[in-house]
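We use all heavy atoms of the structure for the numbers below, so side chains are in, but hydrogens, waters and symmetry mates are not.
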Number of protein chains: 2
Amino acid sequence: MIVDTGWHKRFRGQGYRLTIPREAILHVLSNTEEHLSAEDIYMVVHQKYPAIGLTTVYRTLDILVQMGVVFKFDFGDGRSRYELTEHFSRKKHHHHLICTMCSRIIDYTDFIDDELELLDRTKKTLSKKHNFQITGHMMQFYGLCEKCKT
Amino acid sequence: MIVDTGWHKRFRGQGYRLTIPREAILHVLSNTEEHLSAEDIYMVVHQKYPAIGLTTVYRTLDILVQMGVVFKFDFGDGRSRYELTEHFSRKKHHHHLICTMCSRIIDYTDFIDDELELLDRTKKTLSKKHNFQITGHMMQFYGLCEKCKT
DNA sequence: ATTATTATTGATAATGGTTATCAATATTAT
DNA sequence: ATAATATTGATAACCATTATCAATAATAAT
């Protein structure tokens with residue numbers, strides 16, 4: 001039994017169905033502060049619904065990315081990470097600081113207004129200049145965290 | 001026989017040796033305008049030196065990344081791309097516009113000065129605030145290119 | 001030079017995250 | 001109900017990247 005939270009309509013609008021696995025995955029993404037990989041999500045979901053398989057997690061994430069609900073990140077450690085996009089998350093717009101040694105990730109929001117202003121300006125110019133329809137951006141810093149600096 | 005171009009010293013300084021495969025790989029990276037994957041590089045190198053294997057290409061790229069000579073990018077199509085870092089490239093500092101449909105990549109330099117100023121400011125603040133030693137950054141836009149917009 | 005030490009190499013196999021396959025099942029439309 | 005369609009999970013396949021390891025090359029020591 002599925003409670004219609006608006007997600008139902010959103011899925012139907014794209015020709016998809018809102019199923020229990022999909023709802024469970026959305027629930028995990030909505031209630032985390034972390035940067036989860038597909039397997040991370042699988043493990044959480046699996047506790048409550050042992051029947052849900054890893055394949056379904058991957059498939060659902062693909063759909064959510066395609067729907068613009070989720071953004072797929074690569075932090076360079078060989079697995080993708082998934083976060084709800086700004087519009088669907090309670091987290092504020094932020095970027096990432098990534099430790100290349102231990103893969104620790106810190107969210108930051110410093111200068112975020114300046115950033116957004118610049119990103120917006122750049123986005124406008126680039127769309128026109130290259131006839132590109134820009135759907136997202138990514139910005140991150142790499143380095144060594146406190147612990148890994150030695 | 002290896003011509004000492006400064007690379008030799010640079011390698012020795014880190015305990016490495018400048019060999020023919022390494023020189024060949026550097027040569028490819030120095031003479032391309034594209035965003036080559038390990039296999040792309042392998043194929044070019046292989047034409048002149050059929051003995052050089054793919055493993056060596058990967059290994060060399062790792063070393064170059066670790067030396068700060070090369071930056072490793074992920075454009076979301078399942079393979080990494082490698083570019084000489086600003087200091088070693090004749091290309092100007094730039095960022096990327098990536099088509100999520102066909103993986104076409106466009107370099108852009110619009111507002112690059114504003115960007116650099118902001119990046120620098122952010123970098124300074126973040127290093128202090130989180131005691132992070134920042135070594136690099138990445139910024140890119142995603143979207144649909146002219147051809148893929150339909 | 002000759003030899004000892006150390007770094008590098010390439011072929012091959014292994015790894016591991018992600019995808020394709022496909023028959024079974026659940027959902028929606030008729 | 002029944003037909004049409006979407007979703008599922010188990011399994012196998014895929015494929016970029018890494019680990020292994022004996023052979024070879026480059027450097028240092030004698």
Side-chain angles (χ1 to χ4, degrees), chain A residues 1-4 7-26 35-43 45-67 70 72-82 100 103, chain B residues 1-4 7-26 35-43 45-67 70 72-82 100 103:
Chain A
M1 193 175 317
I2 289 164
V3 182
D4 190 328
W7 284 118
H8 196 270
K9 281 179 209 151
R10 189 173 292 276
F11 274 82
R12 295 318 306 274
Q14 311 249 355
Y16 296 120
R17 295 170 183 171
L18 178 56
T19 61
I20 289 169
R22 288 173 185 177
E23 206 178 22
I25 290 163
L26 275 170
H35 309 82
L36 303 178
S37 66
E39 189 156 9
D40 292 337
I41 296 169
Y42 167 71
M43 287 191 300
V45 157
H46 197 258
Q47 289 174 14
K48 194 162 183 184
Y49 302 97
I52 297 176
L54 182 55
T55 309
T56 298
V57 174
Y58 274 108
R59 255 186 314 229
T60 301
L61 288 170
D62 279 350
I63 290 172
L64 291 172
V65 167
Q66 189 258 306
M67 285 170 69
V70 162
K72 185 178 182 177
F73 285 94
D74 176 275
F75 294 153
D77 64 345
R79 71 194 61 200
S80 297
R81 313 285 178 142
Y82 302 85
T100 51
S103 292
Chain B
M1 195 174 315
I2 288 164
V3 182
D4 192 324
W7 285 118
H8 196 268
K9 281 180 208 150
R10 190 173 292 275
F11 274 83
R12 296 317 307 273
Q14 310 249 354
Y16 296 120
R17 294 171 184 171
L18 178 56
T19 61
I20 289 169
R22 288 175 184 174
E23 208 178 20
I25 290 163
L26 274 170
H35 310 82
L36 302 178
S37 66
E39 189 155 10
D40 292 336
I41 296 168
Y42 167 71
M43 287 189 302
V45 157
H46 197 257
Q47 288 174 17
K48 194 161 184 185
Y49 302 97
I52 297 177
L54 182 55
T55 309
T56 298
V57 174
Y58 275 108
R59 255 186 313 228
T60 302
L61 289 170
D62 280 350
I63 290 171
L64 291 172
V65 167
Q66 188 257 306
M67 283 169 70
V70 161
K72 184 179 182 177
F73 286 94
D74 176 275
F75 294 154
D77 64 343
R79 72 195 59 201
S80 297
R81 313 285 178 142
Y82 302 84
T100 52
S103 293

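One interatomic measurement links the two molecules: CG of B:Leu54 to P of D:dC15, which rounds to 15 Å at whole-angstrom precision. Rounded to an integer number of Å, the gap from CD1 of B:Ile25 to P of C:dT8 is 13 Å. Between the CG atom of B:Asp40 and the C1' atom of D:dC15 there is a distance of 15 Å, given to the nearest Å. A straight line from CD of A:Gln14 to C1' of D:dT7 spans 17 Å, rounded to a whole angstrom. If you take CZ of B:Phe11 and P of D:dA26, they are 14 Å apart, rounded to a whole angstrom. Between B:Tyr49 atom OH and C:dT8 atom P there is a gap of 18 Å when expressed in whole angstrom units. Across the protein-nucleic acid pair, A:Arg79 atom CZ and D:dA16 atom C1' stand 15 Å apart, rounded to whole Å. In this structure, A:Glu39 atom CD and C:dG16 atom P are separated by 11 Å, rounded to whole Å.
Here the closest non-hydrogen pair linking B:Arg81 and B:His35 is NH1-O, 3.1 Å. The two residues B:Val57 and B:Ile25 have their closest heavy-atom pair at CA-CD1, 3.8 Å. Closest approach of A:Ala38 to A:Tyr82, counting heavy atoms only: N-CE1, 3.9 Å.
Here the side chain of B:Thr56 pairs no donor or acceptor atom with the backbone of B:Ile52 at under 3.5 angstrom. The backbone N or O of B:Tyr16 lies less than 3.5 Å from a partner atom in the side chain of B:Arg12, making a donor-acceptor pair. A distance-only check finds a donor-acceptor pair linking the side chain of B:Arg22 to the backbone of B:Arg17 [under 3.5 Å].
Direction of the helix axis in the helix from C:dA1-D:dT30 to C:dT30-D:dA1 shifts by 30° between the two five-pair termini, rounded to 10°.
Checking C:dT19, D:dT17, D:dA25 against every side-chain atom of B:Arg17, the shortest atom distance belongs to D:dA25. Of the candidates D:dA16, D:dT11, C:dT8, C:dT8 carries the atom nearest the B:Thr19 side chain, counting heavy atoms from C-beta on. Taking only side-chain atoms of B:Arg22, from C-beta outward, the nucleotide of D:dA16, C:dT9, C:dG17 with the closest atom is C:dT9. Closest to the side chain of A:Tyr16, out of D:dT7, D:dT17, C:dA11, is D:dT7.
Contact annotation: the side chain of A:Phe11 approaches that of A:Leu64 to within less than 4.5 Å [non-hydrogen atoms, C-beta and beyond]. Counting heavy atoms from C-beta outward, A:Asp77 and A:Arg79 have side chains that approach closer than 4.5 Å. No side-chain heavy atom of B:Asp62 sits under 4.5 Å from any side-chain heavy atom of B:Gln66.
Nucleic acid contact class of B:Ser37 (heavy atoms, under 4.0 Å, all strands): none.
Near DNA chain C, meaning a heavy atom under 4.0 Å from it, residues 56-64 of chain B has B:Thr56, B:Arg59 in order of number.
The side chain of A:His8 contributes no N or O atom lying less than 4.0 Å from OP1 or OP2 of C:dT27.
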